[in-house]
Amino acid sequence: MRLAEWYRTSARDLPWRRPEFHGEFGAWGVLVSEFMLQQTPVTRVIPHLEAWLARWPTPTAMSAATPAEVVQQWANLGYPRRALWLHRAAVEVVDRHGGIVPREVDALLALSGVGDYTARAVAVFSYGDRHPVVDTNTRRVLARAIEGRSQPSPPSRRDLPLMASLLPASRQDAAVVNAAAMELGATICTARAPRCQDCPIAIDCAWLDAGRPDTGDTRRRQAAYEGSDRQARGAVLRALRGAPEAAVPLELVLADWPDATQRDRAIDSLIADGLAEARDGLLALPG
DNA sequence: TAGCCGTGGTA
DNA sequence: TTACCAAGGCT
């Protein structure tokens, strides 16, 4: 099919698509990359991924690290609880699977921080099995090409069966179609300015055929970041990461933050999440 | 289940 | 400048 052919000639050369990456890090490398790629752009992930795998090349190596070390190494990738979940998942892989990232979707889904997308991405892109992999790019491609909508609906239980119905029979071809749908959404069928003139499936696209109508947008909007608790939490963690011994006297944490109530709420919630801990009058990354 | 959770690039 | 957007998942 045209989509698969396009992928084979036009896909970006990304680290986790290289055979030597799979040879060196196996499913662990794919799992780490997928954690980092959750809501974080490819270009920001690549250098962090390489540093992470150089330090912790296996689940067993990762499982021996402390939470403070993983949060520090996560640096400014954002959503730092992903670092804790990845660490927890590594421990679970060691405890439950002998240090080998499992192949079965159900076993993958049982790991911390692994949901429908990440579980199937590992099973398909590392182990080569046949499952539908649906991310935000794929949902947008399907919404346009099949439903004729300008933007996808929020994630739905129907997404997986729909993608499954489009996969070719062979495992290898199915994996390529999964990857190609994501790649098309990431590079051609983008959210803002889709390049339909370069699209390999333009002739089959319901949305293009209808004249690219604006069908409205039912996606959930992201809450404002400026002035949010998220911003305060981010500022606290940045201060801890940058401090000697990753610890700051409690009364000096965000001492000049404009909203003291919000600052204290941020500190308390970070402690509750296991991303910080208070000891001896200090706030520190979790030991 | 709808809200919440970081960070930085882009238009 | 403000708002959108980015290989999601948890509660």
Side-chain angles (χ1 to χ4, degrees), chain A residues 7 11-12 14-17 29-49 71 74-86 88-89 108-126 131-142 150-157 159-160 163 175 178-187 189-194 217-242 262 265-266 268-270 272-276:
Chain A
Y7 181 79
R12 293 167 295 173
L14 301 173
W16 45 90
R17 291 179 177 164
V30 175
L31 184 66
V32 174
S33 74
E34 297 298 350
F35 263 85
M36 290 185 171
L37 287 163
Q38 292 169 6
Q39 299 285 283
T40 301
V42 165
T43 53
R44 290 185 55 208
V45 162
I46 289 174
H48 287 280
L49 175 66
V71 172
W74 195 258
N76 63 341
L77 271 174
Y79 291 148
R81 51 170 130 219
R82 289 183 293 164
L84 293 182
W85 289 338
L86 178 55
R88 200 173 305 158
L108 287 161
L109 283 171
L111 299 174
S112 296
V114 175
D116 281 333
Y117 166 76
T118 301
R120 289 170 178 80
V122 170
V124 171
F125 301 137
S126 179
H131 304 283
V133 182
V134 177
D135 76 335
T136 186
N137 292 305
T138 297
R139 291 207 335 277
R140 186 172 54 251
V141 169
L142 296 180
S150 53
Q151 296 292 345
S153 305
S156 152
R157 285 162 305 284
D159 296 338
L160 288 176
M163 188 62 187
N178 277 312
M182 294 170 60
E183 182 74 0
L184 188 68
T187 63
C189 192
T190 54
R192 287 186 188 173
D217 191 341
T218 58
R219 292 172 299 171
R220 297 194 307 268
R221 295 175 86 90
Q222 222 169 217
Y225 184 66
E226 189 66 28
S228 68
D229 283 15
R230 279 196 296 167
Q231 184 183 36
R233 286 166 54 103
V236 170
L237 264 197
R238 178 181 291 104
L240 295 184
R241 275 192 247 108
Q262 181 183 57
R265 188 166 61 238
D268 289 344
S269 71
L270 286 169
D273 289 347
L275 284 163

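What you see is a predicted model; the values in this text were computed from it and never measured.
- The P atoms of dG3(B) and dA7(C) are separated by 23 Å, rounded to the nearest whole Å.
- Among the protein residues, Leu77(A) comes within range of the nucleic acid bases, having at least one heavy atom under 4.0 Å from a base atom.
- Annotation: the span from Thr218(A) atom OG1 to Gln151(A) atom CD amounts to 9.0 Å, rounded to 0.5 Å.
- The gap from the C1' atom of dC5(B) to that of dT1(B) amounts to 16 Å, rounded to the nearest Å.
- We find the CG-CG distance between Leu31(A) and Leu108(A) to be 7.5 Å, quoted to the nearest 0.5 Å.
- Along DNA chain B, the nucleotide nearest Arg157(A) and the nucleotide nearest Gly234(A) are compared for position; the residue whose nucleotide lies closer to the 5' end is Arg157(A).
- Among residues two or more places apart in sequence or in another chain, the side chain to side chain donor-acceptor pair (under 3.5 Å) test is passed with Asp135(A) by Asn137(A), Thr138(A).
- Within 4.0 Å (heavy atoms only), Arg241(A) reaches sugar-phosphate atoms of the nucleic acid but no base atom.
- Under the side chain to side chain contact (heavy atoms under 4.5 Å, CB included) criterion, Thr43(A) pairs with Pro41(A), not counting sequence neighbours.
- Qualifying salt bridge (charged side-chain N to carboxylate O under 4.0 Å, His left out) partners for Arg233(A), counting only residues two or more places apart in sequence or in other chains: Asp273(A).
- Using a 4.0 Å heavy-atom criterion, one finds that Arg192(A) contacts the bases of the nucleic acid, with or without backbone contacts as well.
- Boundaries of the chain A contact region on DNA chain B are dG3(B) to dA11(B), first to last in 5' to 3' order (nucleotide atom under 4.0 Å from a heavy atom).
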Worksheet entry | Under 4.0 Å protein heavy-atom contacts per nucleotide of nucleotides 6-11 of chain C, with B for base, S for backbone only and - for none | BBBBS-
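- Looking at residues two or more places apart in sequence or on another chain, you find a side chain to side chain donor-acceptor pair (under 3.5 Å) between Ser112(A) and Glu92(A).
- The side chain to side chain contact (heavy atoms under 4.5 Å, CB included) check on Gln38(A) picks up Phe35(A), Arg82(A), Thr118(A), with sequence neighbours excluded.
- For Ser150(A), the side chain to side chain donor-acceptor pair (under 3.5 Å) test picks out Thr215(A), with sequence neighbours left out.
- For dG6(B) and dT10(B), the P atoms lie 23 Å apart once the distance is rounded to whole Å.
- The list of salt bridge (Lys or Arg N to Asp or Glu O under 4.0 Å) pairs with a residue in residues 111-121 of chain A, not counting sequence neighbours, reads Asp116(A)-Arg120(A).
- For DNA chain B, runs of at least 3 consecutive pairs of the Watson-Crick or G-U wobble type, with both hydrogen-bonding distances under 3.5 angstrom, map to B:2-5 with C:8-11, B:7-11 with C:2-6.
- In this structure Arg17(A) satisfies the side chain to side chain contact (heavy atoms under 4.5 Å, CB included) test together with Tyr7(A), Ala11(A), Arg12(A), Leu14(A), Glu183(A), sequence neighbours excluded.
- Residue contacts for Tyr225(A): at a heavy-atom cut-off of 4.0 Å it reaches a base atom on one of the strands shown.
- Scanning for side chain to side chain contact (heavy atoms under 4.5 Å, CB included) contacts around Ala75(A) gives His48(A), with sequence neighbours left out.
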